[in-house]
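Residue numbers count from 1 along this sequence. Being a predicted model, the structure only gives us computed values, none of them experimental.
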Amino acid sequence: MPISKPHSTLGADNKGSCSNLAIYLEKENEELDRIIKKSSSISEISELESRKQGFFTASEVNINTIDVISTIDNNKRKLGANDAKYFAPTISFSENELSHIAFLATGKRDITSVLDLNLSELEQYNNLVREYGRKVMDNYALNFNRQDKGIKAGADLVYFAKIEHFRKYKGTDKEVINGNEISGEYKKGLQSHIHIIVSRKDKTQILKLSPTCNEKQTNRKIGNNEYQVGFDRMKWINSNENTFDDHFNYKRIELEKFQNQNILKNGSPQDKHEINKKIKIESINRDDIKKQIKNAHLNILITKPNNLKEYQQRMMKFAIQVLPTINKNGFIQENHFFHEQSGIDFKASEVDQNLKFHELFSVDNKTTKQVQQIEPSLEDWKINTEKLTSILSFLPFEITPDFDDELLKRKRKRAIRR
């Protein structure tokens with residue numbers, strides 16, 4: 001579940017300037033600058049520069065740190081010296097959520113770090129994370145229950161957000177305490193999250209808005225006007241989870257749901273029993289779907305498909321999409337099975353540890369050996385046109401004879417010129 005914490009600060013004193021916090025959030029850009037100084041390649045420098053992150057708002061991107069500090073520090077009319085001037089919410093994601101966003105951005109299932117993304121993929125990935133961050137701030141605004149006062153969306157607030165892609169281990173992390181990791185080392189996997197600096201005052205500088213207020217759903221009356229005050233943090237987290245699932249079409253399992261996690265932690269014994277029962281039933285259903293996929297796979301192996309495309313087409317008759325991940329050498333690294341009826345995606349290894357690529361086209365060791373022998377490497381195409389044709393036959397599109405001939409002619413001409 002996306003964890004949205006309405007921190008008052010991030011180790012800074014939010015009763016003064018936000019400068020220390022804003023400068024602190026430049027740490028990943030500063031790390032890129034240190035790498036850039038050591039690089040002599042113009043293309044590498046350009047790519048590293050493109051990977052830097054600026055602040056964004058409800059309508060703008062790439063805002064510099066100086067403008068952030070100036071805007072937040074000057075949006076404090078009628079706030080006293082001891083009043084909070086800003087707050088620092090953070091939005092964190094689970095590994096599954098980030099993998100889902102990465103898949104939407106790239107169509108790839110094996111992304112384990114933003115460093116696996118090229119610049120085009122990274123831009124799309126950042127756009128998706130940024131879109132969600134803006135929706136979270138829309139929920140933040142609505143959660144104050146001041147719509148009648150003009151607070152209807154994040155655009156009515158004064159905030160700046162920044163995406164960070166890495167986290168480091170701290171001395172308090174259990175991995176460090178147990179001696180498995182070293183404090184200061186980068187954590188593995190996708191670690192993207194969002195830091196936000198949001199002013200205590202709204203854009204008009206009339207209303208004070210505090211997400212750390214202890215009052216929830218409290219009705220107040222001034223003159224003839226009655227209104228609600230307070231910020232319900234649980235409601236905000238639930239809203240953000242629902243927004244994530246709707247916006248990204250994410251199929252959240254019972255164990256991932258914030259409400260269920262909260263019941264398992266704080267609920268009554270009866271409530272905990274009911275949630276555990278739901279989780280167990282869902283787990284059994286997932287196991288049944290895995291069996292369906294494996295059975296479909298085994299039935300198709302009997303028909304001995306000639307190539308991946310043929311295998312994919314036959315699996316589609318069972319309403320199962322086969323989504324291969326091809327590595328840099330041109331080989332299929334992993335297959336994913338998408339079960340259309342349930343909307344659940346499994347890695348081949350999750351369905352069965354023994355489901356390997358070569359098994360797609362063989363049911364005995366002899367055929368397996370033959371398939372392995374004809375599996376080509378993309379590095380060989382320049383010197384062996386037969387291998388080029390073999391490579392293309394593995395990809396999910398048709399090659400017409402005319403196209404094939406024309407392609408090979410062009411390759412021969414290039415080889416002659418060299």
Side-chain angles (χ1 to χ4, degrees), residues 5 7 9-14 16-57 60-73 86 88-93 95 98-99 101-102 105-106 108 110-130 133 159-177 179-197 328:
K5 295 183 179 180
H7 301 291
T9 67
L10 279 175
D13 182 1
N14 68 339
S17 172
C18 72
S19 57
N20 287 342
L21 174 57
I23 292 170
Y24 167 76
L25 295 179
E26 280 292 296
K27 59 184 183 295
E28 289 192 2
N29 289 343
E30 291 171 356
E31 182 66 29
L32 288 170
D33 282 332
R34 283 191 285 272
I35 300 173
I36 287 171
K37 287 180 181 178
K38 297 176 183 178
S39 177
S40 58
S41 166
I42 294 176
S43 60
E44 183 180 5
I45 291 172
S46 176
E47 177 170 340
L48 291 169
E49 286 286 352
S50 298
R51 288 182 177 271
K52 288 183 178 180
Q53 295 293 314
F55 286 90
F56 67 90
T57 66
E60 297 181 80
V61 295
N62 296 324
I63 301 167
N64 65 61
T65 307
I66 299 300
D67 289 340
V68 171
I69 296 169
S70 174
T71 303
I72 294 290
D73 286 358
Y86 64 89
T90 58
I91 306 167
S92 300
F93 304 90
E95 181 181 353
L98 288 175
S99 294
I101 295 174
T106 67
K108 300 175 182 176
D110 63 336
I111 302 298
T112 59
S113 167
V114 292
L115 299 178
D116 296 336
L117 306 176
N118 61 39
L119 291 182
S120 175
E121 292 170 337
L122 179 62
E123 181 180 9
Q124 181 61 18
Y125 177 78
N126 284 334
N127 286 340
L128 293 174
V129 175
R130 192 180 298 117
Y159 78 85
F160 297 90
K162 175 177 270 194
I163 301 169
E164 289 192 340
H165 291 304
F166 302 95
R167 291 186 187 275
K168 291 183 178 181
Y169 285 104
K170 300 176 182 177
T172 54
D173 289 333
K174 63 180 181 180
E175 294 89 348
V176 175
I177 294 172
N180 298 323
E181 300 292 346
I182 301 172
S183 180
E185 291 289 327
Y186 283 105
K187 294 183 178 182
K188 297 179 179 66
L190 289 168
Q191 298 290 339
S192 305
H193 54 284
I194 306 173
H195 286 291
I196 302 164
I197 307 174
K328 294 178 181 178

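- When all heavy atoms of Ile91 and Gly133 are compared, the pair lying nearest together is CD1-CA, 4.3 Å.
- With 3.5 Å as the limit, one finds a donor-acceptor pair spanning the side chains of Ser43 and Ser41.
- The local environment of CD1 in Ile182 is sparse, with at most 12 non-hydrogen atoms from other residues, nucleotides or ligands closer than 6.0 Å.
- Side-chain atoms of Thr112 and Lys188, non-hydrogen and from C-beta on, never get closer than 4.5 Å to each other.
- The distance from the NZ atom of Lys170 to the CZ atom of Arg167 is 7.5 Å, given to the nearest 0.5 Å.
- Proximity of a side-chain donor or acceptor of Thr106 to a complementary backbone N or O of Ala102 within less than 3.5 Å is detected.
- Atom CD of Glu95 has 12 or fewer neighbouring heavy atoms from other residues, nucleotides or ligands inside a 6.0 Å radius.
- Across every non-hydrogen atom of Ile45 and Ile36, the tightest pair is CG2-CG2, 3.9 Å.
- For the atom pair Arg130 CZ and Ile163 CD1, the distance stands at 5.0 Å (nearest 0.5 Å).
- With hydrogens and angles disregarded, no donor-acceptor distance shorter than 3.5 Å links the side chain of Asp173 to the backbone of Val176.
- Closest heavy-atom contact between Ala22 and Val68: CB-CG1, 4.5 Å.
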Legend entry - Derivation and outcome, side-chain contact (heavy atoms from CB on, under 4.5 Å), residues Leu190 and Phe93: CA-CA 9 Å; Leu190 289 168; Phe93 304 90; over 6 Å; no
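- The two residues Ile197 and Leu21 have their closest heavy-atom pair at CG1-CD2, 3.7 Å.
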Inset, instruction - Check the pair Lys108 / Asp116 against salt bridge (Lys or Arg N to Asp or Glu O under 4.0 Å), numbers first and verdict last. - result: CA-CA 10 Å; Lys108 300 175 182 176; Asp116 296 336; over 6 Å; no
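- In this structure, Lys27 does not pair ionically with Glu30, as no charged nitrogen and carboxylate oxygen lie closer than 4.0 Å.
- One finds the NZ atom of Lys174 at 10.0 Å from the CG atom of Asn180 (value rounded to the nearest 0.5 Å).
- Heavy atoms only, all atoms of each residue included: Ser17 and Asp73 are closest at OG-OD2, 2.5 Å.
- The cationic atom of Lys168 (NZ for Lys, CZ for Arg) does not lie both less than 6.0 Å from the six-membered ring centre of Phe166 and within 45° of the ring axis.
- Residue Leu115 places its CG atom among more than 12 non-hydrogen atoms of other residues, nucleotides or ligands, all under 6.0 Å distant.
- Rounding to the nearest 0.5 Å gives a distance of 12.5 Å between NZ of Lys37 and CG of Leu32.
- Tested against Lys162, the residues Gln53, Glu26, His193 include a single side-chain hydrogen bond (donor to acceptor under 3.5 Å, both in side chains) partner, Glu26.
- Listed for the Ser50 side chain is a donor-acceptor partner under 3.5 Å among the backbone atoms of Ser46.
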Inset, instruction - Would you please test Phe160 and Thr65 for side-chain contact (heavy atoms from CB on, under 4.5 Å) and show each step? - result: CA-CA 10 Å; Phe160 297 90; Thr65 307; over 6 Å; no
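- With 3.5 Å as the limit, one finds a donor-acceptor pair spanning the side chains of His165 and Ser192.
- For the atom pair CZ of Phe56 and CD1 of Ile196, the computed distance is 6.5 Å after rounding to the nearest 0.5 Å.
- Considering all non-hydrogen atoms of both residues, Ala161 and Ile194 come closest at CB-CG2, 3.9 Å.
- At least one donor-acceptor pair under 3.5 Å links the side chain of Glu121 to the backbone N or O of Asn118.
- In this structure, OH on Tyr86 lies 9.5 Å from CD1 on Ile72, to the nearest 0.5 angstrom.
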